[in-house]
Amino acid sequence: MFDLVHSPAVYQFHLLTPATELFGVVRSRLEGFVYEVDYVTQEGSPVIRIFGRTRDGSTFVALHRKFRPYIYCKPREDVDPDDLARRLVSAEVSERAHVTSASTVERSWLGKTIRVVRVDLDSPRNVRRARSFLESVPAVEDTYEKDILFKRRFIIDRCIHPLGLAVLEGQEAESDMHVDTALDDSDVVATSEVYTNPSELRVLAFDIEVASRAAPDATRDPVVMIGLADSSGTRILTYGTDGENLMDCGDERGMISTFVSTVQDGDYDLIVGYNSDSFDLPFLKKRASLNGVRLELGRDTSEVAYQPGSILGRSIIRGRMSIDLYPVVRRMVNLPSYTLSEVYKALFGEEKVELLPHEIHDLWSTKNPEALRRLGRYCASDVEATLRISREYLPTLVELSRQTKQLLSDVCRMGNSQMVEWLLVREAYRRGELVPNRPSEQEFHRRERETYVGGFVLEPKKGLLQDIVSLDFRSLYPAIIVTHNVDLSTIDCECCRGENVSPTGHHFCIKKRGFIPSILQALIDRRSQIKAEMAPMDPSSEPYKERDAMQRALKVLSNSFYGYMGYPRARWYSKECAESVAAWGRYYIQRAIEMAKQDGFEVVYSDTDSVFITREQSADALLDGAKQLLRRINEALPGVIELEFEDFYPRGFFVSKKRYALINRSGRIVTRGLEAVRRDWSPIAKETQRKVLETILRDGDPERAAQVVRDAIRRVAERRVSLDELVISTRMTKSIHSYEAEAPHVAVARRLASGGREVSRGEAIDYIVKRGGGKVGDRAKPVGQVSPEDYDAEYYIKSQILPPSMRILSSFGFKEEDLRYYKSRQRTLFEFG
DNA sequence: TACCAGAGGAG
DNA sequence: AAATCCTCTGGTA
């Protein structure tokens, strides 16, 4: 159960039992869950700090002073590694490159064993300098593992499982940190895969409210409330008023101090916010400093620190875990908008208390107790929503942390490719593999240009169809990687020519298991095991939900490997591997299509890993035939590649590739790719198309569907729609200056920007098209600048409602004129109006 | 009319 | 800071 880091002794674990006495020094030992790891520099030397909580609930920090950074040097081919190692420890080199020792070690590299020089360095701050020096040494071909953060290096090398148990030994010491126990000169004695129970973590959600007339500015606008929510309830810190759950802290300074003492006294393990990395925490810190107090949230008494990033920065709370749910939610669910209230509504189907930004300012300005209580209820609802969202995602995040063996605080801020990569780095260390370098910018751009062919998409049989069975391959790409052993270390091996050949012509070793396939296999196995456990459980029970969160994490990870292989910034990048996976994918789906045809099925659509089939017969006979087909196909499929029954649809409507809608027997409509599911169409256009589809699929009544469209057109023409229904929302995917073409949303953004309103990359621009001549872009206006008589009814009819509706209705013989007999009347209205 | 840039979706 | 495939719009020549 335990990875014994240092010696294979068997330990009996007791909290802080004096374990050994050596030269008069009493060493204590503790067993606890590791929550956070970081390091500080003391007298020029790095000191690793391990923060966590023991099984019986007391907090600890363990300081470790021995660990030092190192990097690897690969000698040029004509250079003897031992010779290089000797030269690298010479006085001159150790002076210039801070090398403390160098020795030859064996590592494996793409399936072969090579000898490299491990160069130990004195301090993390000198790694960069040492690296450039070493790379300038002619005998050195390249350096490796130079960009692994020091704390990650420690976690990896000491086999620490974040959130898992570790046994630590050290000297009990005095400490001014907010912990029950401090160990100095500690060592990691053993680590285990026994994990903390996420429900036992002490979680605090927080949210601030700022009173401002315009965009919040920390130098000017005060924080007026801080909402806090934990398992015991909600409290709102504020000043100048109390009552309900409001707590009067005197002034802003007192409120911030109370927040700090609440965090420290509450002994929280995990601090959760929404947009807290880039908004709440930096804002609070600025306000704290203007008020002459420190935002001292760390267990080590440090202030929150902002760490700028290439896209999103990050706020650091030392010694505690922290999650900003915003990037988490963005990664986990696809939503049109990621405001807290939209996310809350999408996840839980409930509205929370809403206020517009200026209303916060207005309510606060009144100083009226009832207004302030209303503001308090808004603040409470924000922070409670934050806590609830954290409960929703924490189990999945914990599983991702377990699987990648990275700190929870880091995992929540990682993209999928980073999670895969750190999992691979960790596994590489365990197996003695040298970690490949990240590509240079130049290499990255070269890789970017090197494209390959992806999935197969069959042109659908268009129009309304009946009785369709959908079949899909279970996790096709992961299954291919595992079954065909697709990996950098197995591609085109010498030993297996002509065997296991992909349609790209590359073959993959069948004798030696590949690096990525073996790791992926473990993830898939664990997921199957969890799903098997879930099978007999009640889906509404807690154990089921926990496992569901875990299997979701495993699915996310497994599905990311293929994308990772083809990702130009990946360390283990291989276009050939990604290409081979996709090629095998096309091969298997096309074979499934062929076999379906052999059985007399008509294949009406197929995309990458799914096939939609039908046959002129009763639904029962069709389903029966589909099951037989499945059996026949699966008998022919190798390894873990498996085709599954997905669903049966009495009706379906196919518009084009990737655009269709289906209804299953329980009446659930699935819509793919059509305007109804796109963010960048107006609600009136989407809603009308949705109703048309529903009327066709559920009722099978095209005439009534046409009437739906006529009604919508009429409402627009007669100006009986609310402006909300006309808002078109498009995201700025680039910075405002880098656009070549001036699409409507870009035109709106440019006008906003010239009016002094900052428009950032990733922001959605909401606009309504006004009446008048010229380009749509010239007439597109921000929502506030349009009144009901201003909108361009003709644009909304012709360009928003009709195209999506006609895509469906044209196949039933309807013409535009059949749907918009208002056209002529409307024109007259315009002429005389 | 033909083409391109850009957006957002599917799997 | 995961891949490719695909449709559609508005702007421009």
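Proteins get letters first, then strands, A, B, ... in listed order; numbering begins at 1 in each. What's counted below: heavy atoms across the whole structure, side chains too, no hydrogens, waters or symmetry copies.
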Between B:dG6 (C1') and A:Arg761 (CZ): distance, integer Å: 14 Å
Spacing between A:Met414 atom CE and C:dA2 atom P, to the nearest angstrom: 12 Å
Selection from C:dG10, B:dG8, B:dG9 that lies nearest to any side-chain heavy atom of A:Thr730: B:dG8
Candidates B:dG6, C:dA2, C:dT4 - which lies nearest the side chain of A:His745: B:dG6
Smallest separation among heavy atoms of A:Arg571 and A:Asp147, with atom names: NH2-OD1, 3.0 Å
Sugar-phosphate, base or nothing in reach of A:Val746, heavy atoms under 4.0 Å: nothing
Sugar-phosphate only, base, or nothing, as touched by A:Phe561 at under 4.0 Å among non-hydrogen atoms: nothing
Euclidean distance, atom OH of residue A:Tyr562 to atom C1' of C:dT4 [Å, nearest integer]: 6 Å
Sequence-distant partners of A:Phe515, ring-ring contact (aromatic ring centres under 6.0 Å, His included), two or more places apart: A:Trp572
Residue list, ring-ring contact (aromatic ring centres under 6.0 Å, His included) with A:Tyr795, at least two apart or on another chain: none
Partners passing ring-ring contact (aromatic ring centres under 6.0 Å, His included) against A:Tyr326 (at least two apart in sequence or in another chain): A:Tyr274
Nearest listed nucleotide, side chain of A:Tyr660, among B:dG6, C:dG10, B:dA10: B:dA10
Those residues that, when tested against A:Tyr767, pass ring-ring contact (aromatic ring centres under 6.0 Å, His included) (two or more places apart): none
Candidates A:Arg757, A:Lys734, A:Arg731 - the one meeting salt bridge (charged side-chain N to carboxylate O under 4.0 Å, His left out) with A:Glu763: A:Arg757
Spacing between A:Glu646 atom CD and B:dA10 atom C1', to the nearest angstrom: 13 Å
Side-chain N,O (A:Tyr795) to OP1/OP2 (C:dG10) below 4.0 Å: yes
Nucleic acid contacts of residues 579-596 of chain A, taken as heavy-atom distances under 4.0 Å to DNA chain B: none
A:Arg569 (side chain) and C:dA1 (base): donor-acceptor pair under 3.5 Å: yes
Any A:Arg672 side-chain N or O less than 4.0 Å from OP1/OP2 of B:dG9: no
cation_pi(A:Lys461, A:Phe654) dist<6.0 Å, angle<=45: no
Salt bridge (Lys or Arg N to Asp or Glu O under 4.0 Å) partners of A:Glu579, counting only residues at least two apart: A:Lys575
Sugar-phosphate, base or nothing in reach of A:Val677, heavy atoms under 4.0 Å: sugar-phosphate
Length of the line joining A:Asn334:CG and B:dG8:C1', which is rounded to integer Å: 9 Å
Touch class at under 4.0 angstrom, heavy-atom based, for A:Gly454 against every strand present: sugar-phosphate
Nearest-nucleotide pick for A:Lys775, side chain only, options being B:dG8, C:dT4, C:dT12: C:dT12
Presence of salt bridge, A:Glu399 and A:Arg552, under 4.0 angstrom: no
For A:Arg446, salt bridge (Lys or Arg N to Asp or Glu O under 4.0 Å) partners two or more places apart: A:Glu443, A:Glu450
What nitrogen or oxygen pairs link the protein and nucleotides 6-8 of chain C at under 3.5 Å?
from  : atom 1 : to       : atom 2 : distance (Å)
C:dC6 : OP1    : A:Lys657 : NZ     : 3.0
C:dT7 : O3'    : A:Arg659 : NE     : 3.3
C:dC8 : OP1    : A:Arg659 : NE     : 3.3
C:dC8 : O3'    : A:Arg807 : NH2    : 3.4

Nucleotide of B:dA5, C:dG10, B:dA10 approaching A:Asp607 most closely (side-chain heavy atoms): B:dA10
Length of the line joining A:Tyr567:OH and C:dT4:C1', which is rounded to integer Å: 16 Å
Sugar-phosphate, base or nothing in reach of A:Tyr477, heavy atoms under 4.0 Å: nothing
Interatomic distance where CD belongs to A:Glu742 and C1' belongs to C:dT12 [whole Å]: 12 Å
Nucleotide B:dG8, atom P - distance to NZ of A:Lys686 in whole Å: 11 Å
Those residues that, when tested against A:Asp680, pass side chain to side chain donor-acceptor pair (under 3.5 Å) (two or more places apart): A:Arg678
